[in-house]
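Down below is the structure, laid out as structure tokens.
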Amino acid sequence: MNHHPNIDRRLAAKAIAVSAVAPILGCNWVSSDISISPQSKVRHDPQSVKEDRAIKSSQPDGLQLQITNAVRQAAEQLRASKSELFGFALCTDDDVRTLYHVACTRDWVREKEVGYPEIGYVYVEWMDSANDKPFDEISKQFKDLADASNGDNALWAKARDQRFDLLVNALRKCREEGVFAADTLLCAGSTDPSTHLEMLGMNCVDAVNTPEVADRFARALGYEKYR
């Protein structure tokens, strides 16, 4: 297991993320591909459905499987360290045009939480990772997709949320396959989140974790308002 090389990408986000921290974390996970974007929950008109299909058809073939496989591979490499994982996170930006992963072990959390009780839920602080190359390849595709959807603000926002959904579905699939222990925190989120990405991040945690784990996450980051 290696210390993550992208620390400076997260340092600017750290102060913001830590300032949002309050007390400790809650959720239902689902058994089919999900969409947690707000637009998908409130718009079902024919034009919206047509837009959804157009955005999905623009995604490269196999992108969902590629992300899921990258998560599986990282989990396998992290397990090889023989340290039990406390948490695993897929990290992106507010535009969902980049992707990397981080993790933390139970031993590390036990050591750090004495002086920082919320450390296990503040993923921008986590220091461990596996090989990031598969995620770098996905980042290149995310960047191309983000650039291609520029122009119409509404369509761009919907395309961004659908890219985020790919992350959630990858974590859900790995959860269902038993890649991670049932009590390992899984999450996806921006390293410097806007209100919208905070909401998507909380929705993700609720979707792929047990209610107990998700409750602790929500309390630790003060995200109860998004539930």
Partner set under ring pair (Phe, Tyr, Trp, His ring centres under 6.0 Å) for Phe86, not counting sequence neighbours: Tyr121
Backbone of Ala130 reached by a side-chain donor or acceptor of His101 within 3.5 Å: yes
Intermediate values then yes/no, side-chain contact (heavy atoms from CB on, under 4.5 Å), Tyr100 and Ser129: CA-CA 9 Å; Tyr100 68 97; Ser129 69; over 6 Å; no
Pairwise distance CG(Leu63) to CZ(Phe142) - rounded to 0.5 angstrom: 5.5 Å
Heavy-atom closest contact (Ser139 atom, Leu99 atom, distance): OG-N, 2.6 Å
Donor + acceptor pair across side chains of Glu137, Gln66 (<3.5 Å): no
Side-chain heavy atoms of Val102 within contact of Glu125, under 4.5 Å: no
Salt bridge (Lys or Arg N to Asp or Glu O under 4.0 Å) partners for Asp152, two or more places apart: none
Spacing of Arg97 atom CZ and Ser149 atom OG [to the nearest 0.5 Å]: 8.5 Å
Partner residues of Glu177 under the side-chain hydrogen bond (donor to acceptor under 3.5 Å, both in side chains) criterion, sequence neighbours left out: Arg72
Lys140 vs Asp136, salt bridge (charged side-chain N to carboxylate O under 4.0 Å, His left out): CA-CA, chis, key distance, verdict: CA-CA 7 Å; Lys140 294 175 184 176; Asp136 291 340; over 6 Å; no
Interatomic spacing from OH in Tyr223 to CG in Asn203 - rounded to 0.5 Å: 11.5 Å
Distance, nearest 0.5 Å, that separates CG of Leu78 from OG of Ser83: 9.5 Å
Salt bridge present between Arg227 and Asp206 (N-O < 4.0 angstrom): yes
Common cluster, Trp108/Tyr116, ILVMFWY with side-chain heavy-atom separation under 4.5 Å: yes
Arg175 side chain to Asn209 side chain, donor-acceptor N/O pair below 3.5 angstrom: yes
From CG (Leu167) to CG (Leu186), nearest 0.5 Å: 12.5 Å
ILVMFWY cluster, Val96 and Trp156 together (side-chain gap under 4.5 Å): no
Derivation and outcome, side-chain contact (heavy atoms from CB on, under 4.5 Å), residues Phe135 and Ile67: CA-CA 8 Å; Phe135 297 94; Ile67 298 169; 5.7 Å; no
Heavy-atom pair of closest approach, residues Glu224 and Ala218: OE1-O, 3.3 Å
pair Gln77-Asn131: side-chain heavy atoms closer than 4.5 Å: yes
Listed partners of Asn153 passing side-chain hydrogen bond (donor to acceptor under 3.5 Å, both in side chains), at least two apart: none
Leu185 versus Gly120, closest heavy-atom pair with distance: CD2-O, 3.6 Å
Pair Lys143 + Asp147: basic N to acidic O under 4.0 Å: yes
Considering all heavy atoms, the nearest Val71-Phe88 contact: CG1-CE2, 3.9 Å
Closest approach of Asn169 to Gln64 (non-hydrogen atoms, all atoms of both residues): CB-OE1, 3.4 Å
Distance (rounded to the nearest 0.5 Å) between Lys173 NZ and Asn69 CG: 10.5 Å
Side chain Arg79, main chain Ala74, donor-acceptor under 3.5 Å: no
Step-by-step side-chain contact (heavy atoms from CB on, under 4.5 Å) determination, Asp192 to Asp93: CA-CA 7 Å; Asp192 186 4; Asp93 57 274; over 6 Å; no
Under the salt bridge (Lys or Arg N to Asp or Glu O under 4.0 Å) test, residues paired with Arg110 that sit two or more places apart: Asp107
Asp165 side chain near Arg160 side chain, heavy-atom distance below 4.5 Å: no
side-chain hydrogen bond (donor to acceptor under 3.5 Å, both in side chains) against Ser190, all qualifying residues, sequence neighbours excluded: Asp94
Nearest atoms (heavy-atom pairs only) where Thr98 meets Thr92: O-OG1, 2.6 Å
